[in-house]
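Read through the structure below, which is laid out as structure tokens, and then see the notes.
Side chains are part of it too, since the values below use all heavy atoms of this structure and drop only hydrogens, waters and symmetry mates. In what follows, chains carry the letters A, B, and so on, assigned in the order in which the sequence lines appear, proteins first and then strands, with residues in each chain numbered from 1.
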2 protein chains.
Amino acid sequence: MAAEESLTNTVGFLLGKLGQRANGRYADRLAPLGLRPRHCAVLELLSGGPHAQLGLAKAVGVTASVVVDILDELEELDAVRRVRDTADRRRQLIELTPTGRELRRQTLSLARQNDQELLSAIDPAEAAALLQTLGRIATATGLITK
Amino acid sequence: MAAEESLTNTVGFLLGKLGQRANGRYADRLAPLGLRPRHCAVLELLSGGPHAQLGLAKAVGVTASVVVDILDELEELDAVRRVRDTADRRRQLIELTPTGRELRRQTLSLARQNDQELLSAIDPAEAAALLQTLGRIATATGLITK
DNA sequence: TATTGTTATACTCTATAACTATA
DNA sequence: TATAGTTATAGAGTATAACAATA
């Protein structure tokens with residue numbers, strides 16, 4: 001059986017479709033927490049310590065105005081605090097609150113549930129290989145800093 | 001080294017991010033043709049023969065109104081024709097024109113270029129395994145009909 | 001009454017550009 | 001002048017719902 005000459009047989013197409021689906025399902029799981037997928041990468045980064053807003057923007061891969069929006073929403077949930085940097089008063093240092101830390105823990109748990117559903121059709125060894133390959137590509141293309 | 005407890009180490013997150021990137025790059029490549037990614041799955045389906053609009057909608061996974069929009073744009077490019085079904089005059093049978101066939105050929109070629117760039121960081125065997133795994137998941141979840 | 005396709009409308013996500021306050 | 005953050009606005013992309021023609 002030769003490789004099928006079809007769009008559905010390209011990595012890019014499958015990645016796009018599956019990514020969209022993974023995101024949608026994740027959004028459904030997050031909804032009860034009052035969160036959407038875009039909040040999660042920010043919570044993740046902040047769990048490593050405070051960040052300035054432009055730093056978050058660059059790390060997450062969105063523009064400054066989007067970060068303002070995301071942080072407004074996280075602040076509304078008492079998940080983060082904006083603290084004016086005393087050394088450079090233009091800056092806000094964003095830090096996680098205890099509520100934020102708990103939310104982050106939950107987003108991680110939901111992400112793992114999401115993976116279980118997504119990977120239920122393939123065996124664990126293949127799933128592990130997939131995770132490794134995706135991680136490799138993401139690192140190589142600078143998508144994640146690792 | 002234990003599995004890292006981080007969002008960046010989940011399949012769902014990586015799939016979402018990489019899918020978004022793959023789509024964006026593909027969109028850049030398609031732009032000179034006057035096409036966007038959403039047109040491609042429709043061209044692909046039509047290359048197998050005429051379809052009614054609701055059939056396309058279901059197969060591609062979008063709503064009827066979106067299909068109308070996509071077909072309007074493809075018709076504008078002379079890539080498709082709407083032919084009233086004589087057996088059931090509510091229906092339009094959508095068929096590819098010679099121009100559409102040529103465009104479809106080009107979208108496929110660009111998709112392969114896109115894959116090459118995306119997969120340049122990993123070796124061919126790993127890339128083949130990735131394609132197979134993604135295809136398996138997509139088929140199992142009913143994302144593609146195969 | 002139900003179905004095919006169409007239109008009008010609204011919502012989400014993101015980007016760009018103009019603005020402020022600091023540096 | 002340049003930078004951090006904010007606001008206003010606009011552009012994709014999609015969905016929902018009301019509608020016309022046909023079954």
Closest nucleotide among dA21(D), dT3(D), dT6(C) to the Arg90(B) side chain: dA21(D)
Gln53(B) versus Arg82(B), side-chain donor and acceptor atoms under 3.5 Å: yes
Touch class at under 4.0 angstrom, heavy-atom based, for Val67(B) against every strand present: nothing
Value in whole Å for how far the P atom of dT12(C) lies from CG of Leu35(A): 15 Å
Atom-pair distance (CZ on Arg21(A); P on dT14(D)), nearest Å: 15 Å
Spacing of Ile94(B) atom CD1 relative to dG5(C) atom C1', expressed in whole Å: 10 Å
Carboxylate-amine/guanidinium proximity below 4.0 Å for Asp69(A) and Arg38(A): yes
Val66(B) side-chain proximity, nearest of dG13(D), dT14(D), dA15(C): dT14(D)
For atom CG of Asp69(A) and atom P of dT16(C), their distance in whole Å: 16 Å
Sugar-phosphate only, base, or nothing, as touched by Arg82(B) at under 4.0 Å among non-hydrogen atoms: sugar-phosphate
Value in whole Å for how far the P atom of dT7(D) lies from CG of Leu71(A): 12 Å
Closest to the Leu54(A) side chain, choosing from dG5(D), dT6(C), dA15(D): dG5(D)
Closest to side chain of Asp88(B), choosing from dA23(D), dT14(C), dT6(D): dA23(D)
First encountered from the 5' end of DNA chain C, between Ile70(A) and Leu93(B): Leu93(B)
Closest heavy-atom pair and its distance - Leu119(B), Leu130(B): CD2-CD2, 3.9 Å
Donor-acceptor pair (no angle test) under 3.5 Å: Ser65(B) side chain, dT16(D) base: yes
Spacing of Gln92(B) atom CD relative to dT3(C) atom P, expressed in whole Å: 19 Å
Rounded interatomic separation in angstrom, taking CG from Asp72(A) and C1' from dT7(D): 11 Å
Ionic contact status for Glu5(B) with Arg105(A), cut-off 4.0 Å: no
Side-chain donor/acceptor contact of Arg89(B) with base of dT22(D) under 3.5 Å: no
Below 4.0 Å: OP1/OP2 of dT6(C) and any side-chain N or O of Gln53(B): yes
Nearest-nucleotide 5' precedence on DNA chain D, Gln20(A) against His51(A): His51(A)
Short side-chain N/O contact to dA21(C) OP1/OP2 from Arg91(A), under 4.0 Å: no
Spacing between Leu56(A) atom CG and dT6(D) atom C1', to the nearest angstrom: 15 Å
CZ/Arg104(A): more than 12 non-hydrogen atoms of other groups inside 6.0 Å: yes
